[in-house]
Structure formats: structure tokens, C-alpha cells
Student: 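Once you've had a glance at the structure underneath, I'll fire off some questions.
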Amino acid sequence: MTTQRVVFVAGARPNFMKVAPMLRAMKAEGTFESVLVHTGQHYDAAMSDVFFDELGIPKPDVHLNVGSGSHGAQTAKVLAAFEEWLVAQPTLPRGVVVVGDVNSTMACTLAAVKLGVSVAHVEAGLRSFDRAMPEEINRLVTDSVADLLLTSEPSGDENLAREGVDPARVRFVGNLMIDTVAYELPRARALNVPARYGLESKRYALVTLHRPSNVDTAERLSALVGFLEATAERAPVVFPAHPRTRERIVRFGLLDRMQSNPRIRLTEPLGYRDNLGLMADAWYVLTDSGGIQEETSFLGIPCLTLRPNTERPVTVTQGTNTLVGDDLAKGFSLVNDIVEGRYKTGHPIDGWDGRAAERVAAVLAEKWA
Ligand code: UD1
């Protein structure tokens, strides 16, 4: 009998570090043959290739090359292209594994379930309760139709139970993003990244911003730039800008102002290890990313999240994260707490132990073999 195939979907930057440990664990577990599909939602070398190279992810078996577009257009392109690929296979795969909450996650889930293919969603049950956030819609749709819901923190299980999901569909596996942090940390540290940027260890802030709610209006983005200028008085800032953010900085006429501040360093998007090396040695991190809230909690680095809500509440209750929301005065006072040594230190989080991918592989073998 030929080995059954399980398809792993990767579309955008935050997916790649979750897929890497799963492909290794699937190989070690041995029940299934893994097939990797890259939708092409992210396509620049700095947003995609660098992660495949550094994380040792095999070349995708298929690349759907969908590219950017409006939400409707991008989702539709992924849905159509993934369906077309699935039906062109000699036999349908045993299952499809999707991760996270990007448009590719939702689109591939819809294509697969409509063909009767089982879908496992890794990072299921997370909810920001903010439907203005495109990812929240992707999470709700994906979880409502996927067969197997694999959760990363207690809130995921709680949300799914409250939504009436049959507990037989849900398994807690822990956090795959942390598998990759744990695996790559020694290599990232060995690169001495802060020194390469002329930064003193534990005496700089790392900043990332890319959510539409933060970067898509001139008013909000200029307020955030003003906030960064104020915090830069306390610690120099390194800010690797997502392509979306850089485009808005230029469009809203903020580039000169940022570049003329010697304590703010705007860079291109970083590779995985450079980013991890900078994060692991930062004094604190300012972000609107979901993954970075998790990574900083694991690393014990203070994190101020420039959003009013989080779908990852365990990072606030047990980790090192605090939500700043629109209250930038609160943000500034928290920065002072951090630099003056009054900020919380956080606790280890259950299932964030570098072994989540092994648990995913075991659940898939149990459910799908
Ligand atoms: C997407 C995800 C978001 C995730 C983020 C991480 C959705 C709804 N959003 O948002 O959840 O946190 O990725 O990065 O799926 N662009 C490039 N090069 C690329 C990709 C994009 O230049 O390789 C530019 C394009 O001009 C594009 C813009 O960035 O219009 C935004 O990209 P898009 O994929 O639409 O959304 P992200 O903001 O990256």
C-alpha cells in the first residue's frame, strides 16, 4: 500500500516558522508522506525565501503564485488555485493542515472541506473578538469548518467550548512558533546581531508594526511615529519595516522625519535569525504582531502591544505582554516601568516547550491513519 499524503499549507511569513517543525516531526513520526503547498501570498525574497533557507524548509512541492490583492481577490485566487491543484492529484490527500489566520489559511480550508478532505487547523480557537480585523474573520471561518482543531493556549479551548464545538474535534498541542524559537535560538544568538547593528545588549527597543489599523491611516501612523520618537529618548529603536508599513510611511510623508532621527533605525524586513537575535537581546519590544507577543513571552522580554486587544491572552496573563491600545501615554509610562526595572517578568506557559510539532504529528497519526 502506498503511504497516504498529508498536505501542509504555507502562505505568508508567519506560517513558515510553524510549518518547519511540523515537517520535521512528520518525517520522524513516519505515518504519512508530507506535501508542502506554498500559496504565494507572500512572495518577496525577504518575506518568504529567506525563511525557507534559514529554517531548512524543503522547497514547496507546489507553488500557487497567487500574489497580493484585495482580501476578496486574494482569498478567491488561493481558493480556486488550491482546489484546482487538489482535484488534479491522482488521489485526494488524507488531510490538509493549515496554520494561523491568514487569507491562505481560510481559503485552503474552504477548498479542501468542500472536496470532502479533512482539515486540521493548528492555532485554533484564538479570538480577538474584533471583527474589523481580517484575521478574526479567517479564524472564525476556518474553525467552523475544519475537522480537527489543534489549540496553542487555554483561551483557544475555552473559546471553542463556548462556541459549542464538539470536544472530540479539539486537542491542545501547544505552540509551534515556540518550537522554532527554541530550535533556532542558539544559532540566532551566535550571530551577535545587536552588535552588528551597533546596539548595546539589553539597551535598545525592537519595533514591528504592520496591522492595517495601525499603519493604514496617516493619523494613527503619525501618532505612533511620535510615540517612537518619545521612547527613543529612553532607548534607541530598531524598526524592521514590513513592505506594507514602509509604503505607508513614504505615502504619509513620515520617512524623512524618521530617517533624520539618529536614535531610530528603519531597516528592511529581517530574516528569521536576525530578527530572533535582536528580539532575544532587546530591552523591550513594541509590536502589533501576534507571533511576537508569543515569542517575547517565551524569551522573557517585555512586550508592549500596540493594539486594543489580543487573540493570545495567555501572553498577558502569564507572559510578558501588556496591551497598550490607543493609550500611548500608558505605553510611555510602561516603557518607563521597563527601563526603571518595575515591569513584570512572566512565567513559563504550558505546552510552549519546543515539542508542539511532535504532538501534532501524534494526533494526526491517531486521527487520520
Ligand atoms: C498578512 C496577513 C497577516 C500577517 C501578515 C504578516 C492576512 C489577512 N494578513 O498581512 O495576518 O500578520 O501577513 O506579514 O492574511 N507585499 C510585498 N511583498 C510580499 C507580500 C506583500 O511587498 O511578499 C506588500 C504588497 O504590496 C501587499 C502588502 O505588502 O499589498 C500587504 O500584504 P498582504 O499579504 O496583503 O497583507 P499583510 O499586511 O502582509
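Read the numbers this way: they start at 1 and go in the same order the structure lists the ligands and their atoms.
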Student: Among all the protein's non-hydrogen atoms, which is closest to atom 2 (C) of ligand 1, and how far away is it?
Tutor: Val102 CG1, 3.7 Å
Student: When you measure from atom 7 (C) of ligand 1 to every protein heavy atom, which one gives the shortest distance, and what is it?
Tutor: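 Here the closest protein heavy atom is Gln41 NE2, 3.6 Å.
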Student: Roughly how far apart are Ile349 CD1 and Thr315 OG1, rounded to 0.5 Å?
Tutor: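 Ile349 CD1 to Thr315 OG1: 7.0 Å, rounded to 0.5 Å.
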Student: Do the numbers put Arg24 on top of the ring of Tyr183, so that NZ or CZ is under 6.0 Å from the six-membered ring centre and no more than 45° off the axis?
Tutor: yes
Student: Among all protein heavy atoms, pick out the one at the shortest distance from atom 18 (N) of ligand 1; state its residue, atom name and that distance to 0.1 Å.
Tutor: Asp44 OD2, 2.8 Å
Student: State the atoms of ligand 1, each with its element, that fall below the 4.0 Å cut-off from a heavy-atom position in Arg244.
Tutor: 29 (O), 31 (C), 38 (O)
Student: Begin with the C-alpha distance, continue with both residues' side-chain angles, and end with the deciding distance and a verdict on side chain to side chain contact (heavy atoms under 4.5 Å, CB included) for Glu311 and Glu135.
Tutor: CA-CA 10 Å; Glu311 61 288 337; Glu135 293 80 4; over 6 Å; no
Student: What atoms in ligand 1 come closer than 4.0 Å to a heavy atom of His71?
Tutor: 8 (C)
Student: With side chain to side chain contact (heavy atoms under 4.5 Å, CB included) as the test, would you mind laying out the steps for Thr105 and Asn138 before giving the verdict?
Tutor: CA-CA 7 Å; Thr105 309; Asn138 294 342; 5.7 Å; no
Student: For Leu206 and Asn275, run side chain to side chain contact (heavy atoms under 4.5 Å, CB included): C-alpha distance rounded to whole Å, both residues' side-chain angles, the deciding distance at 0.1 Å, then the answer.
Tutor: CA-CA 9 Å; Leu206 175 66; Asn275 188 63; 4.1 Å; yes
Student: I'd like to check which ligand 1 atoms, numbered from 1 as shown, lie under 4.0 Å from a non-hydrogen atom of Ser68.
Tutor: 21 (C), 25 (C), 27 (C), 30 (O)
Student: Looking at atom 6 (C) of ligand 1, what's its closest protein heavy atom, distance included?
Tutor: Pro14 CD, 3.5 Å
Student: Which is it for Glu135 and ligand 1 at heavy atoms under 4.0 Å: side chain, backbone, both or neither?
Tutor: side chain
Student: Please state which part of Ser48 comes within less than 4.0 Å of ligand 1, counting heavy atoms only: side chain, backbone, both or neither.
Tutor: neither
Student: Could you check atom 16 (N) of ligand 1 against the protein and tell me its nearest heavy-atom contact, residue, atom and distance included?
Tutor: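 Result: Tyr43 OH, 3.4 Å.
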Student: Where do Asn159 and Gly125 come nearest, in terms of heavy atoms and distance?
Tutor: ND2-O, 2.8 Å
Student: Phe52 and His38: aromatic ring centres closer than 6.0 Å?
Tutor: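 Centroid separation for Phe52 and His38: below 6.0 Å.
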Student: May I ask you to check whether Tyr43 and Ser68 show a side-chain donor-acceptor distance below 3.5 Å?
Tutor: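 Looking only at side-chain atoms, Ser68 and Tyr43 do form a donor-acceptor pair, the distance falling under 3.5 Å.
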Student: In this structure, would Leu254 and Leu286 fall into the same cluster of hydrophobic residues linked by side-chain contacts under 4.5 Å?
Tutor: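 Yes, Leu254 connects to Leu286 through the hydrophobic network.
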Student: Out of His42, Arg211, His210, whose heavy atom is nearest to atom 14 (O) of ligand 1?
Tutor: His42
Student: Identify the protein heavy atom lying closest to atom 8 (C) of ligand 1, giving its residue, its atom name and the separation to 0.1 Å.
Tutor: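 Checking every protein heavy atom, the shortest distance to atom 8 (C) of ligand 1 gives Asn103 OD1, 3.2 Å.
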Student: Polar contacts were defined as any N/O atom of the residue lying under 3.5 Å from an N/O atom of the ligand; does this apply to His242 and ligand 1?
Tutor: yes
